[in-house]
Amino acid sequence: MRRYLIYILLALVSLWCCGGADKGDFAAELLKQQPYIETLHFSNTTFSKQTDGIWLVDNNRKALSGRLEAWWTMLHNLHVRPLYLDDASFSAIEQHLKDSGVHVVAQDKKGKLLVDFYLQHFSNIGTIALVDNATYLLDLAYENVDIMDYWSTGANDWQDMTVLAFQPAEIQAVGVDHYADSLASFRLIRESKEQWKLFDGKEQEQNNVNEELIDRYSTYFQSVKVEKILSPDDELLSFVTDKNLQYTIKLLTGGRPHHLHIYGLPLSGKTGYDTDKCLVYIVETQETAIASWVSFDLLLKNLKDFVDKK
């Protein structure tokens, strides 16, 4: 009922003018302040700029650089025009924006407020922003898209979902534990640039190692991604148990360990596991993610895969 009331009030709105940017043009202000912005908030999602220029989402994962670049580009093309409302309409819109709109805040490295506004899309009306107690209508003249797609408050929409990104030369050791078949477990240790040692799950060194296959295997860690980081209250976390643990991937690069525990995702109301999706626990960041098995198939090799059968 409240939404319909807003639409009725909007029907009484006086015509908005199509003038140029004024003090409410937050897009121009964001672009002006870009060199000084160290922190951005899209409601509960926070972007923080690091000393190396990389942005982190919620002080955790790297932000997708391509998506951030698209956001800045969008600001260059965003039209911001005053929307003049009568008092009743303004009050209704203002309250709706503050209750459920995206609250955008930009700060410098000292925490000084640089930009502060709300925006939200209204069906059959358009995207409206509230800036300094005034309303503005937004549009991208060259695109037929929902402007709010650029202002997502979902952290997963902005995060780089890469969990392993290492060049072959960086890998000092790698191993995989197979919990359903311990004989398949293995560990590889780099002895030199072109030489590896292979051990089974009981730390017994293996002979007749196929160095070519190992070198190829070391190339599979350059871009390993998950699909979504689960929130702490996600029901899927109940499946992260020893019973469902199927593999552990252990990697050593630059003296730093990287561990991934991979869990089967039980089928609802059936026996067995999902053959498409799995759960991945990232030990170093203490995150749990849902992922596709396809992303890990090449990593989950068997000890026998590296032994030359000649």
Side-chain angles (χ1 to χ4, degrees), residues 30 33-72 74 102-116 148-167 170-171 221-241 244-245 247-263 265 277-293 295-296 299:
L30 278 167
Q33 299 291 346
Q34 183 177 0
Y36 312 106
I37 295 174
E38 296 288 325
T39 306
L40 269 172
H41 302 275
F42 289 2
S43 293
N44 294 325
T45 296
T46 300
F47 305 84
S48 53
K49 189 177 182 180
Q50 307 303 294
T51 54
D52 56 6
I54 291 175
W55 288 83
L56 295 183
V57 182
D58 291 339
N59 290 315
N60 193 353
R61 299 202 144 270
K62 291 181 181 179
L64 289 166
S65 58
R67 173 134 194 182
L68 277 176
E69 289 169 5
W71 181 75
W72 287 110
M74 177 274 299
V102 178
H103 187 194
V104 180
V105 174
Q107 298 168 293
D108 66 13
K109 63 181 179 181
K110 294 183 178 181
K112 178 183 177 181
L113 187 65
L114 301 177
V115 179
D116 186 356
M148 297 307 298
D149 288 345
Y150 290 97
W151 304 88
S152 171
T153 58
N156 277 299
D157 292 335
W158 294 94
Q159 292 174 327
D160 184 344
M161 293 299 170
T162 303
V163 292
L164 296 175
F166 301 106
Q167 297 298 315
E170 297 180 82
I171 299 175
F221 297 86
Q222 297 179 66
S223 182
V224 181
K225 300 176 183 289
V226 294
E227 295 182 356
K228 177 184 177 182
I229 302 297
L230 302 181
S231 61
D233 59 351
D234 197 297
E235 293 181 356
L236 291 178
L237 292 178
S238 64
F239 298 123
V240 180
T241 64
N244 298 321
L245 181 59
Y247 305 96
T248 293
I249 298 174
K250 303 173 183 178
L251 203 64
L252 185 68
T253 64
R256 294 180 55 194
H258 312 275
H259 296 81
L260 302 178
H261 296 318
I262 302 178
Y263 298 83
L265 190 57
K277 305 295 182 183
C278 61
L279 296 175
V280 179
Y281 178 70
I282 308 155
V283 174
E284 282 64 43
T285 61
Q286 298 184 356
E287 298 171 301
T288 302
I290 190 166
S292 170
W293 277 115
S295 299
F296 292 90
L299 308 185

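As a basis for the values below, the full set of heavy atoms in this structure was taken, side chains included, without hydrogen atoms, waters or symmetry mates.
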Nearest non-hydrogen partners of [X] and [Y], listed with the distance:
X	Y	answer
A106	I37	CB-CD1, 4.0 Å
A289	I229	CB-CD1, 3.9 Å
E38	W55	O-CZ3, 3.8 Å

Q: Please check if the side chain of R61 supplies one atom and the backbone of N156 the other of a donor-acceptor pair under 3.5 Å.
A: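 Judged by distance alone, no pair lies under 3.5 Å.
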Q: Check for a donor-acceptor pair, side chain of T45 on one end and backbone N or O of T153 on the other, with a separation under 3.5 Å.
A: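 Yes: the side chain of T45 pairs with the backbone of T153.
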Can you tell me how far apart [atom1] ([X]) and [atom2] ([Y]) are? Round to the nearest 0.5 Å.
X	Y	atom1	atom2	value
K225	L164	NZ	CG	11.0 Å
W71	W158	CH2	CH2	7.0 Å
K109	T39	NZ	OG1	12.0 Å
M161	S295	CE	OG	12.5 Å
L113	Q33	CG	CD	10.0 Å
K228	D157	NZ	CG	9.5 Å

For [X], which residues count as a salt bridge (charged side-chain N to carboxylate O under 4.0 Å, His left out) partner, sequence neighbours excluded?
X	answer
K250	D177
E284	none
K277	E227

(Q) Are more than 12 heavy atoms, taken from residues, nucleotides or ligands other than N44, located less than 6.0 Å from that residue's CG atom? (A)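 Count not over threshold, so no.
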Q) Counting only heavy atoms not in K49, do more than 12 fall under 6.0 Å of its NZ? A)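 Check passes, neighbour count above 12.
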Q. Hey, mind stepping through T248 and I262 against side chain to side chain contact (heavy atoms under 4.5 Å, CB included) and telling me if it holds?
A. CA-CA 6 Å; T248 293; I262 302 178; over 6 Å; no
Given side chains that start at C-beta, do those of [X] and [Y] come closer than 4.5 Å, heavy atoms only?
X	Y	result
Q159	L64	no
R256	L251	no
N60	E287	yes

Q | Partners meeting side-chain contact (heavy atoms from CB on, under 4.5 Å) with T288 (sequence neighbours left out) | A |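 Testing T288 for side-chain contact (heavy atoms from CB on, under 4.5 Å), a comparison that skips the adjacent residues, returns L230, L237, V240, Y281.
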Q. Sequence neighbours excluded, which residues qualify as side-chain contact (heavy atoms from CB on, under 4.5 Å) partners of D108?
A.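 Result, side-chain contact (heavy atoms from CB on, under 4.5 Å) vs D108: K110, K112, L114.
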Q: Keeping to residues at least two apart or across chains, list the ring pair (Phe, Tyr, Trp, His ring centres under 6.0 Å) pairs with something in residues 221-241.
A: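 Listed once each, the pairs are Y217-F221.
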Q: Please check if any side-chain donor atom of H103 sits under 3.5 Å from a side-chain acceptor atom of D116, or the reverse.
A: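 Looking only at side-chain atoms, D116 and H103 do form a donor-acceptor pair, the distance falling under 3.5 Å.
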Q | Check: H41/T46 side-chain N/O donor and acceptor closer than 3.5 Å | A |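 A pair is found: one side chain offers a donor N or O, the other an acceptor, under 3.5 Å apart.
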Q. Hey, which of F296, Y263, Y247 is the one that makes side-chain contact (heavy atoms from CB on, under 4.5 Å) with V280?
A.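 So the option named by the test is F296.
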